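Input: a single structure, listed below in structure tokens.
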Number of protein chains: 2
Amino acid sequence: MAPRHIHARERLLEAARDVIRAKGFSATSVDDLCRTAGVTKGAFFHHFRSKEDLGVEAARFWSETTSELFANAPYHQPADPFDRLIAYLEFRKVLLAGDVPDFTCLVGTMVQETYDSAPAIRDACNATITSHAMTLVADIRAAMEACGVTGTTAESLALHTQAVLQGAFIMAKARGSAEIAADTIDHLIRYIRLLFNKPAREEIPQ
Amino acid sequence: MAPRHIHARERLLEAARDVIRAKGFSATSVDDLCRTAGVTKGAFFHHFRSKEDLGVEAARFWSETTSELFANAPYHQPADPFDRLIAYLEFRKVLLAGDVPDFTCLVGTMVQETYDSAPAIRDACNATITSHAMTLVADIRAAMEACGVTGTTAESLALHTQAVLQGAFIMAKARGSAEIAADTIDHLIRYIRLLFNKPAREEIPQ
DNA sequence: CCAAACATACCAACTAGTCGGTATATTTCC
DNA sequence: GGAAATATACCGACTAGTTGGTATGTTTGG
């Protein structure tokens with residue numbers, strides 16, 4: 001059985017992940033989190049110095065869990081780095097399932113509200129986004145070299161993919177549907193195919 | 001002289017525009033807004049039924065003021081619709097001046113926090129983003145026809161530009177700098193140039 | 001036994017929103 | 001024209017409930 005002393009902390013981090021994605025950081029109260037996690041306030045402040053501290057830890061928790069998800073995802077299978085990059089973006093489309101709070105990004109949501117008032121949270125969110133982007137750099141660089149792509153850098157393109165994904169989530173929130181998010185990822189895929197001079201079989205819309 | 005009875009309302013909407021972009025909607029209290037606008041709570045609730053109502057009106061106010069800004073902007077000058085589209089995106093880069101709260105988007109920020117809890121605000125934000133995107137459609141469609149671009153629609157591409165801009169703002173908030181935003185708009189410009197088969201003179205990075 | 005992991009009770013500050021009242025226009029009616 | 005009626009814009013003290021956080025217990029596992 002799982003050790004009891006991990007329960008409250010982990011349940012609070014999972015509650016934060018779910019509630020903050022739906023309501024935002026400020027609108028999520030400590031009581032909200034305790035209620036959702038099924039723990040008391042004493043437990044909360046035993047594990048976290050403050051609500052801001054929980055925000056930082058939630059960003060780190062998000063980084064850990066998503067890292068694991070992406071590390072074990074099937075998009076690494078293709079032999080060619082360019083194909084792996086496209087497979088990554090197709091995988092991001094597959095992840096657009098369920099309700100909007102289920103597929104949107106915790107740290108993207110949090111950083112919007114905290115970038116000016118809680119630098120610690122902003123830094124943790126930035127580290128999460130950046131480190132995920134950096135997992136793409138090796139493949140992008142290899143593909144760029146193989147295809148002779150110039151005019152930008154692998155790091156810049158990796159960060160651009162994350163910007164597009166974050167923007168896709170905002171549009172999905174505004175429209176209340178994942179459709180627009182998939183559509184904007186398709187534009188990103190089309191960009192990368194054009195940039196690497198590897199267009200899809202047909203450029204006809206579905 | 002300006003009629004007295006407009007002051008409080010407009011000053012509150014301007015305060016909302018500035019404060020909410022920096023702190024987010026939830027973290028902005030009614031007292032915050034009154035203090036910033038230099039009005040009393042009585043005036044606030046005279047002009048707005050609730051804080052949520054203020055959010056809706058702030059989105060509409062944002063829509064009005066930005067519409068005016070873009071309508072009077074110089075990017076409409078080029079004779080060719082494709083050139084106008086590129087000029088629009090270059091203009092968006094020019095707007096990336098000042099601190100992060102100065103150039104980011106009010107409705108993109110608000111919709112993140114309210115899409116699930118305040119449908120009225122979400123709808124107002126969505127209407128603002130969509131209507132701005134639609135101002136691009138005529139030029140995009142004309143350029144697509146002139147260049148024989150297929151595989152997507154003018155509406156889809158217009159919404160994609162807004163998604164990229166919203167994502168650029170999130171990245172700027174995370175990194176605390178406009179640089180990444182300009183960088184991601186450059187990727188968008190590169191995409192559109194490739195899609196319309198009109199690459200820049202040189203594909204060399206700056 | 002003892003420290004870590006909780007639970008309970010509580011607090012001061014803040015929250016959105018209310019309410020009775022005032023000052024100043026504007027309209028109405030003769 | 002001018003007094004009365006009415007509408008608009010605003011004020012600021014007040015309230016009921018919520019907020020993040022604390023102080024002081026009790027339980028539990030090794």
Side-chain angles (χ1 to χ4, degrees), chain A residues 1-20 22-59 61 109-110 113-114 116-122 124, chain B residues 1-17 19-20 22-59 61 110 113-114 116-122 124:
Chain A
M1 61 185 173
R4 175 91 183 282
H5 66 279
I6 291 183
H7 273 185
R9 185 188 148 90
E10 192 151 322
R11 291 176 63 147
L12 281 166
L13 291 172
E14 286 168 1
R17 183 232 298 149
D18 298 338
V19 179
I20 293 174
K23 311 209 312 179
F25 181 75
S26 296
T28 299
S29 70
V30 173
D31 283 326
D32 269 343
L33 295 172
C34 292
R35 224 175 299 129
T36 305
V39 306
T40 61
K41 234 166 171 186
F44 183 100
F45 285 100
H46 175 72
H47 291 287
F48 307 100
R49 269 164 300 159
S50 63
K51 190 189 170 190
E52 178 171 340
D53 183 40
L54 167 113
V56 172
E57 294 304 317
F61 181 71
T109 302
M110 271 204 297
E113 297 176 70
T114 57
D116 206 46
S117 46
I121 297 181
R122 185 204 57 206
Chain B
M1 60 184 173
R4 176 96 181 281
H5 64 280
I6 290 184
H7 272 184
R9 185 187 148 91
E10 192 152 320
R11 290 176 64 145
L12 281 165
L13 290 172
E14 285 168 1
R17 182 231 296 149
V19 179
I20 293 173
K23 313 211 310 181
F25 182 75
S26 296
T28 299
S29 72
V30 173
D31 283 326
D32 270 342
L33 296 173
C34 293
R35 223 175 299 127
T36 305
V39 305
T40 61
K41 225 159 179 193
F44 183 100
F45 285 101
H46 173 73
H47 290 288
F48 307 103
R49 266 165 300 162
S50 62
K51 189 189 170 190
E52 178 171 339
D53 184 40
L54 174 274
V56 172
E57 295 302 317
F61 181 71
M110 272 205 296
E113 297 175 69
T114 58
D116 206 46
S117 46
I121 297 181
R122 185 203 59 207

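What you are looking at is a predicted structure, and each value in this text was computed from that prediction instead of being measured. Throughout, a chain's letter reflects where its sequence line sits, starting with A, and its residues are numbered from 1.
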Query - dC6(C) OP1/OP2 closer than 4.0 Å to side-chain N/O of His46(A) - result: no
Query raised in the report: What's the CZ-C1' distance between Phe45(B) and dG20(C), to the nearest Å?
Result: 17 Å
Report task. Let me know the distance between CZ of Phe44(B) and P of dC19(C), rounded to the nearest Å. Result -> 17 Å
Requested in this report: Report the distance from atom CZ of Arg11(A) to atom P of dA5(C), rounded to the nearest whole Å.
Outcome: 16 Å
Requested in this report: Find the distance Leu33(B):CG to dA16(C):C1' and express it as a whole number of Å.
Outcome: 12 Å
Query - Length of the line joining Asp31(B):CG and dT18(D):C1', which is rounded to integer Å - result: 14 Å
Report task. Report the nucleotide, chosen from dC6(C), dA7(C), dC10(D), that has the shortest atom-to-atom distance to any side-chain atom of Thr40(A). Result -> dA7(C)
Query raised in the report: Rounded to the nearest Å, what distance is computed from the CD atom of residue Glu10(B) to the P atom of nucleotide dA9(D)?
Result: 13 Å
Query - Passing candidate, side-chain contact (heavy atoms from CB on, under 4.5 Å) with Leu54(B), options Phe45(B), Phe44(B), Phe61(B) - result: Phe44(B)
Report summary line: Arg11(A) and Gly38(A) have their tightest heavy-atom pair at NH2-CA, 4.2 Å
Report task. Specify the residue among Lys51(A) and Val39(B) whose closest nucleotide of DNA chain D lies further upstream toward the 5′ end. Result -> Val39(B)
Query raised in the report: What is the nucleic acid contact for Lys41(B), judged by heavy atoms within less than 4.0 Å: base, sugar-phosphate only, or nothing?
Result: base
Query raised in the report: Is Glu113(A) reaching over with its side chain to a backbone N or O of Gly24(B), donor-acceptor style, under 3.5 angstrom?
Result: no
Query raised in the report: His7(B) side chain N/O closer than 4.0 Å to the phosphate oxygens (OP1, OP2) of dC10(D)?
Result: no
Query raised in the report: Do Glu57(A) and His47(A) touch side chain to side chain, with heavy atoms closer than 4.5 Å?
Result: no
Query raised in the report: Should Ser29(A) be listed as having a side-chain N or O under 4.0 Å from OP1 or OP2 of dT19(D)?
Result: yes
Query raised in the report: Thr28(A) near the nucleic acid: base, sugar-phosphate alone, or nothing, with a heavy-atom cut-off under 4.0 Å?
Result: sugar-phosphate
Report summary line: Rounded to whole Å, CD1 of Ile121(B) lies from C1' of dA16(C) at a distance of 13 Å
**Report entry** Closest heavy-atom pair and its distance - Ile121(B), Met110(B)
**Finding:** CG2-SD, 4.3 Å
Report task. Could you check how far NZ of Lys23(B) sits from P of dC14(C), rounded to whole Å? Result -> 11 Å
